Amino acid sequence: MIVVIPPFRRWAGGSDRDGRDRIDPAMPETTLAAAAIRWYDENARDLPWREPDVGAWAILVSEIMLQQTPVVRVLPAWRAWLSRWPTPAALAADTPAEAIRMWGRLGYPRRALRLRECAVAIVERHSGVVPTDLDALLALPGVGTYTARAVATFAYGQRHPVVDTNVRRFVARAVAGEPDAGPATRPADLVATEALLPAEPVRAARASAAFMELGALICTARTPRCADCPVTEVCAWRASGRPAPTGPTRRPQQYAGTDRQVRGLLLAVLREATGPVPHERLDLVWADAAQRSRALAGLVADGLVELVGDACVLAGDRPG
DNA sequence: TAACCGTGGCG
DNA sequence: TCGCCAAGGTT
């Protein structure tokens, strides 16, 4: 396996004179981490899942909810969810339908289903305690590379690179000098971010939180606030004159007129309903019958909806 | 790898 | 107005 030494190693360790090619545990933490943490100490948002006494379950719930969903919309949903289901066991004992209802309009309702499956798995495999092991976390439904590392890091203080879209963008700019990150997280992104982390685990966790916060508040996708950035002195993107993205811009995902919109409309009706919803009621939400039935079939296949005779209910809802 | 999977707010 | 974006995961 060929290991490519990224150019930021030139200054990542604070010294490049010995030409070292691997991270020395005793090496002082990176310029980026130190500056980011200093900034984070003064500028971090007061988000409830960052409070010191918050448990792993609450952090896991926040991470799932925050997938592709802005913080402001997650805040009330997170409070309501944990108030109702303070433990994995509590959620595991309830129906998918209630989880889907509680999810409200956060979007991507399959996450509600997976979060409940996650709770079931935690009860069955881990005695109701969110596992600490990275591989055990990765094995949970709805938990991928980012979420597993985020929980292991922020809930348990382990030292892992935590790479979300904010961190990818921040590292792509500050370290690689690129105007934006690639569309998906790659192993190389984990390697590049890991190289920036302080050696001490709890401080590494703080660095990860700081990188994420910088990406969310300063090193934003559209209009980066470089004037307020704590690492602007060492930012490779700024040093090269903030070049604009060159390659083909990936087209944004479509929504209007797609099956996803129809699924959303159908599920909104079922969420509000107290009993089984006749097909005639669902017919009202979308004119195209073929697309309507395709969307409904998708909801059923995903386990969000069940057919009860000539009507529909959220999965697990009692027909009567 | 790329398409699929919601929803709402903002520039 | 409407394209773009928001703490991804799954297939």
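Quick caveat, the model's predicted, so the values are computed rather than measured. So you know, we letter chains A, B, ... as the sequences are listed, proteins then strands, and number each from 1.
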When we call it a touch if two heavy atoms are under 4.0 Å apart, what does A/Trp49 touch: a base, just sugar-phosphate, or nothing? base
Measure from the side-chain heavy atoms of A/Glu213 and tell me the nearest of B/dG8, C/dA7, C/dG9. C/dA7
Nearest whole angstrom, please: distance from the C1' of C/dG8 to the CD1 of A/Ile64. 9 Å
Going by atom types only, do A/Thr69 and A/Arg111 share a side-chain donor-acceptor pair under 3.5 Å? yes
If you assign each of A/Asp164 and A/Gly142 to its closest nucleotide in DNA chain C, which residue comes earlier from the 5' end? A/Asp164
Ignoring the backbone of A/Tyr146, work out which of C/dG9, B/dC5, C/dT10 is nearest its side chain. C/dG9
Value in whole Å for how far the C1' atom of C/dC4 lies from OH of A/Tyr255: 16 Å
For the ring pair (Phe, Tyr, Trp, His ring centres under 6.0 Å) test, which of A/Phe154, A/Trp81, A/Trp78 pairs with A/Trp49? A/Trp78
Please answer whether the main-chain N or O of A/Gly257 pairs with a side-chain N or O of A/Gln261 as donor and acceptor at a distance below 3.5 Å. yes
What interatomic distance, in whole Å, is found between P of B/dG6 and the corresponding atom of C/dT1? 26 Å
Against the side chain of A/Glu63, the closest entry in C/dG8, B/dT7, C/dA7 is C/dA7
For atom CG of A/Leu138 and atom P of C/dG8, their distance in whole Å: 16 Å
Rounded to whole Å, how long is the line connecting atom CG of A/Leu75 with atom C1' of B/dG8? 15 Å
Please work out if A/Thr165 contacts a base, only the sugar-phosphate, or nothing of the nucleic acid, heavy-atom cut-off 4.0 Å. sugar-phosphate
Value rounded to 0.5 Å, distance of CD in A/Gln67 from CZ in A/Arg114: 9.0 Å
To the nearest angstrom, how far is A/Arg225 atom CZ from B/dG11 atom P? 12 Å
Hey, does A/Val143 reach any base, or is it just sugar-phosphate, or nothing, if we go heavy atoms under 4.0 Å? sugar-phosphate
Categorize A/Ala216 for me: base, sugar-phosphate, or nothing, with a 4.0 angstrom heavy-atom threshold over every strand shown. sugar-phosphate
Just the rounded figure in Å: distance from P of C/dA7 to CZ of A/Arg168. 11 Å
Determine, for A/Asp94 against A/Arg116, whether the closest basic-nitrogen to carboxylate-oxygen distance falls under 4.0 angstrom. no
Base C/dG9 to side chain A/Thr147, donor-acceptor N/O within 3.5 Å cut-off: no
Upstream residue (5' side of DNA chain C) when A/Arg169 and A/Pro141 are each assigned their closest nucleotide: A/Arg169
Nearest-Å distance once atom C1' is located in both B/dT1 and C/dA6: 23 Å
Could you tell me how far apart A/Leu66 (CG) and C/dG8 (C1') are, to the nearest whole angstrom? 11 Å
Can you spot which of A/Tyr40, A/Trp39, A/Phe170 makes a ring pair (Phe, Tyr, Trp, His ring centres under 6.0 Å) with A/Phe211? A/Phe170
By the 4.0 Å heavy-atom rule, please label A/Arg260 as base, sugar-phosphate, or nothing. base
Measure distances between side-chain N and O atoms of A/Arg222 and base N and O atoms of C/dC5, and say whether any donor-acceptor pair falls under 3.5 Å. no
Regarding A/Gly144, tell me which of base, sugar-phosphate or nothing describes its non-hydrogen contacts under 4.0 Å with the strands shown. sugar-phosphate
Within the structure shown, what part of the strands sits under 4.0 Å from A/Ala150 by heavy-atom distance: base, sugar-phosphate, or nothing? nothing
Pick the P atom in C/dC4 and in B/dA3, then give their distance to the nearest Å. 16 Å
One thing to verify: whether A/Asp317 and A/Arg101 come together as a salt bridge, which I'm taking to mean a side-chain N less than 4.0 angstrom from a carboxylate O. yes
Applying a 4.0 Å non-hydrogen cut-off, can you work out what A/Arg45 is touching in the nucleic acid: base, sugar-phosphate, or nothing? base
For a quick check of understanding: with a heavy-atom distance under 4.0 Å over all strands, which category does A/Thr223 fall into, base, sugar-phosphate or nothing? nothing
Any base atoms under 4.0 Å from A/Leu106, or only sugar-phosphate, or nothing? Heavy atoms, all strands. base
Determine: side-chain N/O of A/Gln68 to OP1/OP2 of C/dA6, distance under 4.0 Å, yes or no. no
Checking all strands, does A/Leu47 fall into the base, sugar-phosphate, or nothing category for heavy-atom contacts under 4.0 angstrom? base
Hits for side-chain contact (heavy atoms from CB on, under 4.5 Å) against A/Ala311, two or more places apart or cross-chain, chain-then-number order -> A/Pro276
For A/Arg149, report the nucleic acid contact type (base, sugar-phosphate, nothing); a contact means any heavy atom under 4.0 Å. nothing
C/dG8 to B/dC10 separation - C1' atoms, rounded to the nearest Å: 22 Å
Integer angstrom distance from the P of B/dA2 to that of C/dA7: 23 Å
What is the distance, to the nearest angstrom, from the CD atom on A/Gln67 to the C1' atom on C/dG8? 5 Å
Do any side-chain nitrogens or oxygens of A/Arg73 fall under 4.0 Å of OP1 or OP2 in B/dT7? no
